[in-house]
2 protein chains.
Amino acid sequence: MARSNTLKYIILGLLTRKPLTGYDIKQTFDKEKAEFWTAPFSQIYPELNRMLNNDLISLLPTSDTNTRKKTYQLTAHGREVFQNWLQLPLAASESTLDNDNFILRLHFLGHTDPTFLKNLLALRVKTLNLEITQLEFELTEVVNHPEQYGRELIIKKELANKKSDVKLWKKELK
Amino acid sequence: MARSNTLKYIILGLLTRKPLTGYDIKQTFDKEKAEFWTAPFSQIYPELNRMLNNDLISLLPTSDTNTRKKTYQLTAHGREVFQNWLQLPLAASESTLDNDNFILRLHFLGHTDPTFLKNLLALRVKTLNLEITQLEFELTEVVNHPEQYGRELIIKKELANKKSDVKLWKKELK
DNA sequence: TCGACCATGTAAACTGTTACATGATTGT
DNA sequence: ACAATCATGTAACAGTTTACATGGTCGA
């Protein structure tokens, strides 16, 4: 996922909830990473400084002067950039939504915006159905090749996963 | 998956089937990528030259001198390196096998080595069960946080996927 | 002859990982 | 006093993507 600057948007997303330090952000990654993402300090701290320079975040003023701790909060600009990024996949007509971009956005949603959630789920279901059609086709091709038995198992796994996802999101859309 | 030099092993794996050019390898990626992997020419060609220098592959002698086409085949050394890489996750006791490393190895298996396939599947099932336990726990935590509704959905999706995988691999183990 | 596809590469920029470096705070 | 954890960073390296560059072959 090069060039998409994912880390920046994850940090923005985490800061929409509450102000955090770089250390807090790393803790959150370690706790939630299984379904999500991870990044080392050496990536987080430089990114925070870049974001500070770009006016996406600002230092939370603190009376505690004798500590090196830096707590960051979103600026108005940062909040706007994050909202635009959230909406991005829904902007283009005829668009699709891959799993990473879907998961990334879903992660930050609560119960507050059910319409947006439904749009996101609907677009993902549409994309999944396209992928399922393609995989069904690939399966018919590979069954004649016993030397690609491993690949056949992978396709079956992917099909089962995607069908399970469609079922889950459709349930949520009701 | 940095540092693990995945591309090298994928190329070795593809060449176990038959000799290929860099262009052929790219074609294979494009065709099989959905369940698998992708890489641009700018990554493939330099990698092939590195592998040639390391005696993992060699140029297939061809009478066709007036073409720039380069067809590569595995050397004995390359074949050995690939076999060692395949077995790697099974070597350590108390090891686990993440999805990427599992899929990567599974992709190259045919019907020829059912024992190895079963060992691989068994290790993956073991790992999946550990991950499922962890996700069940995270789910009990997140249900009290309506502001993390999106994350709750992600955990549910991951749980459904992993349980589906366990079912599929256990069926294959019988 | 012209466009699609075959065929191989280099350069620059970006993303991500590992190793290294430093020092403060908190609990036992 | 000592260990664990809090807290912030730099440097070097590895992997990946995008843009650029070049030329051959084959069918309509």
Side-chain angles (χ1 to χ4, degrees), chain A residues 1-12 14-15 18-31 33 36-54 56-60 62-73 85 98 100-101 104, chain B residues 1-12 14-15 18-31 33 36-54 56-60 62-73 85 98 100-101 104:
Chain A
M1 233 193 283
R3 300 270 167 126
S4 61
N5 222 336
T6 311
L7 182 59
K8 183 173 93 178
Y9 294 106
I10 294 175
I11 291 175
L12 288 176
L14 292 175
L15 291 177
K18 61 171 180 230
L20 297 167
T21 66
Y23 194 87
D24 294 334
I25 288 167
K26 172 68 171 154
Q27 298 304 102
T28 311
F29 277 138
D30 289 348
K31 211 180 142 204
K33 80 175 150 45
F36 188 37
W37 204 265
T38 184
F41 284 127
S42 61
Q43 211 185 348
I44 292 168
Y45 289 123
E47 186 62 46
L48 284 170
N49 285 320
R50 260 194 303 279
M51 290 168 74
L52 195 61
N53 287 331
N54 295 339
L56 294 166
I57 57 179
S58 62
L59 276 168
L60 191 74
T62 170
S63 49
D64 209 354
T65 50
N66 60 339
T67 176
R68 287 178 311 147
K69 195 154 101 166
K70 294 173 168 183
T71 305
Y72 295 98
Q73 62 187 343
W85 171 82
D98 65 62
D100 278 0
N101 276 304
L104 227 45
Chain B
M1 231 192 282
R3 299 270 167 125
S4 61
N5 221 334
T6 311
L7 182 60
K8 182 171 93 179
Y9 294 106
I10 295 175
I11 291 175
L12 287 176
L14 292 176
L15 290 178
K18 62 171 178 231
L20 297 168
T21 66
Y23 194 88
D24 294 334
I25 288 167
K26 171 69 171 155
Q27 296 305 99
T28 310
F29 278 139
D30 288 348
K31 212 180 140 206
K33 80 174 152 42
F36 188 37
W37 205 265
T38 185
F41 285 127
S42 61
Q43 210 185 348
I44 292 169
Y45 289 123
E47 185 64 46
L48 284 170
N49 285 321
R50 259 193 304 279
M51 291 167 75
L52 195 61
N53 287 330
N54 296 338
L56 294 164
I57 57 179
S58 62
L59 277 168
L60 191 73
T62 170
S63 49
D64 209 355
T65 52
N66 61 341
T67 175
R68 286 180 311 148
K69 196 154 103 165
K70 293 173 169 184
T71 304
Y72 296 98
Q73 61 187 342
W85 172 82
D98 65 64
D100 277 0
N101 276 303
L104 227 45

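Quick note on labels: first sequence line is chain A, next is B, and so on, each numbered from 1.
- Here the P atom of nucleotide D:dA4 and the CD atom of A:Gln27 are 16 Å apart, to the nearest Å.
- In this structure, A:Met51 atom CE and D:dT8 atom C1' are separated by 17 Å, rounded to whole Å.
- Looking at the side chain of B:Asn49, the nearest of the listed nucleotides D:dT8, C:dG9, C:dT15 is C:dG9.
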Please report, to 0.1 Å, the donor-acceptor pairs under 3.5 Å made by any side chain of residues 41-53 of chain B, with sequence neighbours excluded.
from    : atom 1 : to      : atom 2 : distance (Å)
B:Glu47 : OE1    : B:Arg50 : NH2    : 2.9
B:Asn49 : ND2    : B:Tyr45 : O      : 3.4
B:Asn53 : ND2    : B:Asn49 : O      : 3.3

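- If you measure from atom CG of A:Asp30 to atom P of D:dC6, you get 11 Å, rounded to the nearest angstrom.
- For the pair B:Thr21 and A:Ala39, both in contact range of DNA chain C, the more 5′-proximal nearest nucleotide belongs to B:Thr21.
- B:Trp37 places a side-chain heavy atom less than 4.5 Å from the side chain of B:Thr6.
- Put simply, the side chain of A:Arg68 and the base of C:dA24 share no donor and acceptor less than 3.5 Å apart.
- Residues A:Asp24 and A:Tyr72 are not in side-chain contact: their nearest non-hydrogen atoms beyond the backbone lie 4.5 Å or more apart.
- Across D:dA7, D:dG9, D:dT17, the shortest atom-to-atom separation from the side chain of B:Pro40 is found for D:dT17.
- Residues meeting the side-chain contact (heavy atoms from CB on, under 4.5 Å) test with A:Thr28, sequence neighbours left out: A:Leu14, A:Glu32.
- We find that NZ of A:Lys69 is positioned 11 Å from P of C:dT25, with the value rounded to whole Å.
- Note on B:Lys8: every side-chain N or O is 4.0 Å or more away from OP1 and OP2 of D:dG15.
- Distance, B:Lys26 NZ to D:dT18 P: 11 Å, rounded to whole Å.
- Within the 4.0 Å cut-off from OP1 or OP2 of D:dG9, at least one side-chain nitrogen or oxygen of A:Lys70 is found.
- In this structure, the CD atom of B:Glu47 is 15 Å from the C1' atom of C:dG9, given to the nearest Å.
- Atom CD of B:Gln43 is separated from atom P of C:dT8 by 16 Å (rounded to the nearest Å).
- Following rounding to the nearest Å, A:Asp100 (CG) and C:dG16 (P) show an atom-to-atom distance of 11 Å.
- A donor N or O paired with an acceptor N or O is found under 3.5 Å between the base of C:dT18 and the side-chain atoms of A:Ser42.
- Nearest nucleotide to the A:Phe41 side chain, out of D:dG15, C:dG9, D:dT8: D:dT8.
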For this session: Show your working on side chain to side chain contact (heavy atoms under 4.5 Å, CB included) between B:Thr71 and B:Gln73 and close with a plain yes or no.
Result: CA-CA 7 Å; B:Thr71 304; B:Gln73 61 187 342; over 6 Å; no

